[in-house]
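Everything on this sheet refers to the single structure shown next.
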There are 2 protein chains.
Amino acid sequence: MDLLLAQWGERRPDLDVSPMAVIGRLKRLSRLIEAELRRTFAEHGLDPASFDVLATLRRSAPPHLLTPAELMRSAMVTSGAVSQRLDRLEARGLVTRSPSPSDGRVVEVALTAEGRALVDRALPDHLATEERLLAALGTDRRDALADTLRELLESLGDGVD
Amino acid sequence: MDLLLAQWGERRPDLDVSPMAVIGRLKRLSRLIEAELRRTFAEHGLDPASFDVLATLRRSAPPHLLTPAELMRSAMVTSGAVSQRLDRLEARGLVTRSPSPSDGRVVEVALTAEGRALVDRALPDHLATEERLLAALGTDRRDALADTLRELLESLGDGVD
DNA sequence: AGCCAATCTCTTAGCGGTGAGATACTTTTC
DNA sequence: GAAAAGTATCTCACCGCTAAGAGATTGGCT
């Protein structure tokens with residue numbers, strides 16, 4: 001990445017490419033992390049998208065019911081993506097869909113016993129992988145990083161609404 | 001994200017979910033940034049993948065020749081993805097492929113005049129978008145963030161080899 | 001020289017995502 | 001209470017990526 005900045009300085013000295021130092025690294029780091037997490041999920045027969053849904057349901061208050069719209073906001077994907085994720089999970093018997101009693105437009109998604117058991121099995125491995133990915137950073141650096149990221153997210157409107 | 005951590009604390013107080021504070025935010029931020037950059041690229045008839053290739057070629061030393069393998073390492077995608085990216089760009093006349101004179105396995109990818117003009121047109125807008133995304137952070141915070149990200153990347157073997 | 005492992009590029013099947021839009025239901029407005 | 005606007009979910013066509021592997025070329029080793 002430092003090389004990249006230097007190359008731009010050579011080729012286009014008229015442009016200020018300094019934002020790339022942050023945004024380029026964020027992208028690379030995300031890709032590395034995603035690939036690593038994917039491997040852990042695969043060991044449990046899951047992919048990031050499926051785990052995301054199962055974990056979101058698992059951490060919600062009992063009886064672990066969420067609507068597709070809530071899952072959509074949580075995962076930051078389109079409604080079509082959520083529908084397809086639920087299709088796959090439902091076909092595997094990991095979640096169920098049932099119409100909401102109070103609003104005819106809404107569907108309630110629930111974790112099956114099997115879905116819950118699977119996410120509970122994968123979770124410790126997943127956390128171990130995340131911990132390993134951050135091993136280079138001490139607690140203070142992690143906290144500072146989390147603070148900075150939170151600030152950026154809030155400045156971009158995430159988690160407000 | 002803070003809510004998410006609290007929920008896990010309720011549901012699984014036996015697990016240390018603190019790594020999620022960093023990794024979850026990185027994921028959300030990446031998605032937001034990616035979506036925003038995508039919009040800028042679209043204004044120039046590009047997508048992130050195409051821009052990535054064009055910009056990598058543009059910032060390389062004249063005569064702006066790179067091999068698919070180099071593009072693959074730079075973009076952190078598989079070789080198949082690079083082949084397909086080049087197919088699309090070649091079909092649009094933005095890059096050319098020609099066999100390497102020194103190694104029969106290798107292809108040399110070059111920017112056409114049109115490709116170069118396009119990336120030069122898109123670049124200022126792209127940088128303005130990146131700048132806007134980071135506007136909440138002062139120079140010091142940006143530098144600190146870049147340092148932390150670099151450290152993480154290096155600890156994961158990025159840019160070493 | 002000849003072989004073998006490594007390297008480079010490309011192909012293909014399958015997957016998951018987006019974006020547009022259809023459908024159904026609910027809420028607001030008049 | 002009927003019409004209009006809004007909301008929730010789903011469908012579908014298309015796109016880009018991965019994973020696996022094929023084909024071609026190279027360079028080291030014996």
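Letters A, B, ... are given to chains in the order of the sequence lines, protein chains preceding strands, and every chain is numbered from 1. Just so it is clear, the structure is predicted and the values come from calculations on it, not from any experiment.
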### Query
What ring pair (Phe, Tyr, Trp, His ring centres under 6.0 Å) pairs are there with at least one residue in residues 101-127 of chain B, not counting sequence neighbours?
B:F41-B:H126, B:F51-B:H126

### Query
Please give, in whole Å, the distance from C:dC8 P to B:D103 CG?
8 Å

### Message
Within the structure provided, determine whether B:V77 and B:R85 are in side-chain contact (heavy-atom separation under 4.5 Å).
### Response
yes

### Rounded interatomic separation in angstrom, taking CE from A:M72 and P from D:dT11
16 Å

### Task
Calculate the interatomic distance between A:R73 atom CZ and D:dT9 atom C1'; express it in whole Å.
13 Å

### Message
Of the listed nucleotides (D:dT9, C:dT9, C:dC25), which one gets closest to any side-chain atom of A:P68?
### Response
D:dT9

### Query
Less than 4.5 Å apart, any side-chain heavy atom of B:L118 and any of B:R92?
yes

### Message
To the closest 0.5 Å, what do you measure between CG (A:D2) and CD (A:Q7)?
### Response
11.5 Å

#### Entry: The single option from B:T129, B:L133, B:L134 passing side chain to side chain contact (heavy atoms under 4.5 Å, CB included) against A:P19
B:L134

### Message
Can you say whether a donor on the side chain of B:S79 sits under 3.5 Å from an acceptor on the base of C:dC10, or the other way round?
### Response
yes

#### Entry: Selection: residues 31-53 of chain B, any non-hydrogen atom under 4.0 Å of DNA chain D
B:D47, B:A49

### Message
Below 4.0 angstrom, which residues in residues 80-94 of chain B have at least one non-hydrogen atom near DNA chain D?
### Response
B:G80, B:A81, B:Q84, B:R85, B:R88

### Query
Can you tell me how far the CD atom of A:E34 sits from the CG atom of A:L29, to the nearest 0.5 Å?
12.0 Å

### Query
Are the side chains of B:L127 and A:M20 in touch, meaning some heavy atoms are under 4.5 Å apart?
yes

### Message
For B:D47 and B:S50, which I'm curious about, is there any donor-acceptor pair between the side chains at under 3.5 Å?
### Response
yes

### Message
Taking atom types as they are modelled, would you say the side chain of B:R105 forms a donor-acceptor pair with the base of C:dT7 within the 3.5 Å cutoff?
### Response
yes

